[in-house]
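When a ligand or atom number is given, it counts from 1 through the structure's own listing order.
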Amino acid sequence: MTTAVRKHPDNAADFVANDSRAHWHDQALWFVRSKRDKMAATLPEWELLRERAAGIKLHTMSRLADLLEEFERNATKLGATVHWARTPAEHNDIVLGIIQQHQATRVVKSKSMLTEECHLNPYLERHGIAVTDTDLGEWIVQLLHEPPSHIVMPAIHIKKEEIGELFHQHLGTEKGATDPPYLVTAARKKLREQFVGAEVGITGVNFAIAETGGFVVCTNEGNADLGVSLPKVHIACMGIEKLIPRLADLSVFLRLLGRSATGQPITTYSSHFHGPMPGGELHIVLVDNGRSDILGSPEFRRSLNCIRCGACMNTCPVYRRSGGHSYQTTVPGPIGSILAPSRDAKTYSSLPFACSLCGSCSDVCPVKIDLHTQLLTWRKEIAVRGLLPWTKRVGMYFAGKVLGSRWLFTTAGRVGRWLMPKLPRFLVYNRLNPWGKQRELPPMPKRSFRELYARRSTTSKQEQADG
Ligand code: SF4
């Protein structure tokens with residue numbers, strides 16, 4: 001969806017203005033990343049699993065259309081109804097149509113980034129449908145009227161003190177209570193009422209299996225199972241890239257997903273769905289929303305391999321220090337910075353630059369997506385399409401000239417070392433120098449690297465000659 005969004009650096013500046021929150025957010029995510037490392041190290045075949053997963057996804061994407069049709073045939077044989085949606089609008093209309101067909105007004109929904117991408121909740125609410133997100137983190141952000149800030153831990157940016165206050169307002173818990181078991185018990189009691197009263201259950205899909213027509217939903221709270229066990233109507237919403245060819249492939253991904261996401265050996269509930277429950281209905285909505293276009297671009301096709309584990313976010317130094325909301329996309333972090341410009345390069349032109357190019361995201365990705373290489377390619381693409389801000393264009397032009405000429409480079413260094421200490425502060429630290437917003441330049445060295453190197457070579461030759 002194309003909307004006017006602020007650029008990432010502006011949003012990030014708001015986030016880092018609260019230094020203690022930025023620091024705490026950074027540490028919380030690094031803790032999850034460390035758990036992932038420990039868990040990965042327990043499997044000697046970890047790299048083999050990553051290779052295998054990348055290979056399966058490569059194969060899947062090379063014949064996605066055939067596999068989707070195979071999935072549709074097999075799911076239909078099992079009694080499900082398969083719907084196809086090109087856009088979020090089509091997806092939302094299909095879901096609303098199913099709900100209205102059953103004269104339902106109360107819906108429970110487990111975590112689904114696809115429905116976030118399609119802005120399903122506000123759409124249904126505008127049509128008089130009460131939707132409750134039943135994943136605890138999702139429910140917290142729903143109560144706060146905020147989008148999730150992370151695809152696996154949607155409320156990772158919120159402190160327990162803030163949750164205590166929120167629950168005090170909405171659930172009547174004791175004021176000032178911050179004890180997690182106490183707050184979780186209160187949430188569970190309230191959510192049970194929603195589960196019992198729901199007429200339709202919506203889930204996402206983690207993996208759909210072409211060979212069987214079944215699909216798997218992974219949760220840690222069991223809320224997807226509960227949400228579709230009581231209502232007779234189950235709507236499962238999935239992006240077309242969630243497909244894998246065979247049931248035998250599933251174990252590769254299940255072993256990678258939990259470990260990469262939260263450092264667990266496996267997600268607590270991996271629920272398999274094969275057709276509707278007796279006397280019930282199962283609807284599967286397959287959504288494109290730009291995925292076919294990404295499939296058609298050789299540079300970015302591999303971004304469709306993503307299994308939404310969130311590991312690239314947990315490790316990314318920019319994500320950790322700028323928060324998920326700074327990206328203003330459903331999927332933030334390194335993978336979001338590839339997917340969003342693939343849909344709307346102009347609006348999200350700042351995202352590929354929200355990256356230090358350290359490559360840590362590519363190192364942890366369980367399906368071996370070359371994330372930092374794709375981010376670099378996007379930077380080039382954005383420059384070629386003329387989407388860079390003028391400040392960067394002018395800066396790059398002059399940098400190109402200086403770096404392209406040895407004489408200019410040496411002279412600029414000499415002038416810089418002499419001039420910089422003499423300049424008034426406002427000429428160095430201003431709007432044109434975002435780098436200096438929160439940092440001080442180091443003292444200027446007296447000599448350049450080349451001069452030091454030449455001097456050192458001469459000295460050592462002299463020493464050798466002296467014996
Ligand atoms: S790109 Fe890789 S690491 Fe990032 S969420 Fe997707 S699968 Fe996980």
Query raised in the report: Do His150 and Asn314 pass the side-chain hydrogen bond (donor to acceptor under 3.5 Å, both in side chains) test, and can you show the C-alpha distance, the side-chain angles, and the key distance before you say yes or no?
Result: CA-CA 9 Å; His150 188 285; Asn314 305 341; 2.7 Å; yes

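- The set of protein atoms (N, O or S) found at less than 2.8 Å from atom 4 (Fe) of ligand 1 reads Cys312 SG, by chain and number.
- In this pair, His25 and Tyr319 present their aromatic rings tilted. The plane angle is within the 30 to 60° band.
- Counting only distance, with no hydrogens or angles, the side chain of Arg106 and the backbone of Gly197 share a donor-acceptor pair below 3.5 Å.
- Of the candidates Gln374, Lys368, His372, Asp370 forms a side chain to side chain donor-acceptor pair (under 3.5 Å) with just one, namely Gln374.
- Proximity of the aromatic rings of His157 and Phe15 is defined here by a centroid distance below 6.0 angstrom, and this criterion is not met.
- Under a cutoff of 6.0 Å and an axis angle of 45°, Lys392 and Phe353 form a cation-pi pair.
- At the shortest separation from atom 7 (S) of ligand 1 among protein heavy atoms lies Ile307 N, 3.4 Å.
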